[in-house]
Asker: 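Okay, handing you the structure first.
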There are 2 protein chains.
Amino acid sequence: MLLSTKGDYGVRALIDLAKHTGEGPVQRAEIARRRKIPESYLDHLLAQLRRDGYLRSTRGPGGGHELAKEPADITLLEVLESLEGSLAPMECVLEAPGSEAGALCGQQWVWQDIYAHMRQRLGETTVADLVEHEREHERQAAAMYSI
Amino acid sequence: MLLSTKGDYGVRALIDLAKHTGEGPVQRAEIARRRKIPESYLDHLLAQLRRDGYLRSTRGPGGGHELAKEPADITLLEVLESLEGSLAPMECVLEAPGSEAGALCGQQWVWQDIYAHMRQRLGETTVADLVEHEREHERQAAAMYSI
DNA sequence: ATAATTCACGACTAGTTCGGTCAAGATTGT
DNA sequence: ACAATCTTGACCGAACTAGTCGTGAATTAT
């Protein structure tokens, strides 16, 4: 797996926060319950996201977490790289294309192509898109149920 | 990283064998030296590739390893999945698109798209292509040197 | 003041994977 | 017999994963 649960859970949390913008701070426990994330683990991910400026937190009763940016201004690429580090699929894609290490690898050119496509897709997808997709999914589920 | 050194080294070994088809068995030590792979580690990778039918080995003096298939009939996809297991970039891409786990994930649709593209590219690239690319690289390097 | 609520931060842990090494054995050529 | 070569499995340290837990700090309600 390229992504660990960090990238999965962290994005889930951002989606949850994006869906509740303008309703005041959302508590960790709520996010954890709704998105099925162990609460004490979510802690670390929220801390990371806060350090990188994606959300701000307030303590005390009525406190919680809020997005610090517009959902449409947060790309999947930047969030995942914040949570997971580099998304390079293999070591040698990070080497220069003409380098000795790149040539020794033998599959560098294939993976650099795949990596570029991956970053393109992740870079053009925002948290707002993810929320929109989820809302669409909910509408379809509701329609099914009403039949 | 999605790929460990297994996928890297294993493919290097296949490229090396493909380049020496028709010259009789190639020894482990030769491959290890040319491709900069720890020999006793390469051992395991050759064993895996043999089990999956990509090469055959002969023991004793003059023994070594040979490809069991045409280089053009070995795709990068199958080799890497043999060496690394599933290349799924995250857990939820393996869930059904409409499932509960898929919906909970939130980014499933994006990654299924990326995964499909990745498999497409890897599936249409063969060991023969990798060898050809390497030969092209060598020609260019030789041209540079002759100036 | 003080109690209750909520986040903040770091220590700790069990389990797994990574990237190997090493030793003992099997097989074959000379 | 002996040397070259592959075969197999045991073993190992370091790093990473996916958490838990405890203490403390900030804020609000009473």
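This structure is a prediction, so every number in the text was calculated from the model and none was measured. Below, chain A is the first sequence line, B the second, and so on; all start at residue 1.
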Asker: Would you say that more than 12 heavy atoms from the other residues, nucleotides or ligands in this model lie under 6.0 Å from the CD of A:E23, or not?
Answerer: yes
Asker: I want to verify a distance call: between D:dT28, C:dC7, C:dT21, whose nearest atom is closest to the A:S57 side chain?
Answerer: C:dC7
Asker: Calculate the interatomic distance between B:R59 atom CZ and C:dA26 atom C1'; express it in whole Å.
Answerer: 4 Å
Asker: Within this structure, what is the OH-to-P distance between A:Y41 and C:dT13, rounded to whole angstrom?
Answerer: 18 Å
Asker: For B:R56 and C:dT27, give me the distance from atom CZ to atom P, rounded to whole Å.
Answerer: 19 Å
Asker: Counting side-chain heavy atoms from C-beta on, which of D:dT28, C:dG20, D:dT8 comes nearest to A:P61?
Answerer: D:dT28
Asker: Look at the side-chain N and O atoms of A:T58 and state whether any lies under 4.0 Å from the OP1 or OP2 oxygen of D:dA26.
Answerer: no
Asker: Do any side-chain nitrogens or oxygens of B:K6 fall under 4.0 Å of OP1 or OP2 in C:dC18?
Answerer: yes
Asker: Taking only side-chain N and O atoms of A:Y9, does any of them lie within less than 4.0 angstrom of OP1 or OP2 on D:dG19?
Answerer: yes
Asker: Say you draw a straight line from NE2 of B:H65 to OG1 of B:T58; how long is it, rounded to the nearest 0.5 Å?
Answerer: 8.0 Å
Asker: Taking the minimum atom-to-atom distance to the side chain of B:Q27, which one of D:dT5, D:dT7, D:dA18 wins?
Answerer: D:dT5
Asker: Salt bridge or not between B:D8 and B:R12? Use side-chain N to carboxylate O under 4.0 Å.
Answerer: yes
Asker: Round to the nearest Å and state the distance from B:R50 atom CZ to D:dC6 atom P.
Answerer: 10 Å
Asker: More 5' along DNA chain C: B:G60 or B:E84, using each one's nearest nucleotide?
Answerer: B:E84
Asker: Return the value, rounded to whole Å, for the distance between atom CD of A:E39 and atom P of C:dT6.
Answerer: 10 Å
Asker: Give A:S40 one of three labels, base, sugar-phosphate or nothing, depending on what nucleic acid heavy atoms sit under 4.0 Å from its own.
Answerer: base
Asker: Counting heavy atoms from C-beta on, name the nucleotide in D:dC6, D:dG19, C:dC18 closest to the side chain of B:H65.
Answerer: D:dC6
Asker: Can you tell me how far C1' of C:dC9 sits from CG of A:L45, to the nearest Å?
Answerer: 14 Å
Asker: Pick base, sugar-phosphate or nothing for B:R28, based on heavy-atom distances below 4.0 Å to the nucleic acid.
Answerer: base
Asker: For A:H44, answer base if it contacts any base atom (sugar-phosphate contacts may also be present), sugar-phosphate if it contacts only those atoms, and nothing otherwise; contact means non-hydrogen atoms under 4.0 Å.
Answerer: base
Asker: Just how far, in rounded Å, is P of D:dA18 from NZ of A:K36?
Answerer: 19 Å
Asker: Angle between ring planes, B:Y41 versus B:Y9, binned at 30° and 60°: parallel, tilted or perpendicular?
Answerer: perpendicular
Asker: A:L3 has an atom CG; how far is it from atom P of D:dC16, in whole Å?
Answerer: 16 Å
Asker: Ignoring hydrogens and angles, are the base of C:dC9 and the side chain of A:D43 linked by a donor-acceptor pair under 3.5 Å?
Answerer: yes
Asker: Looking at B:R135 and B:E132, is any side-chain nitrogen of the basic one under 4.0 Å from a carboxylate oxygen of the acidic one?
Answerer: no
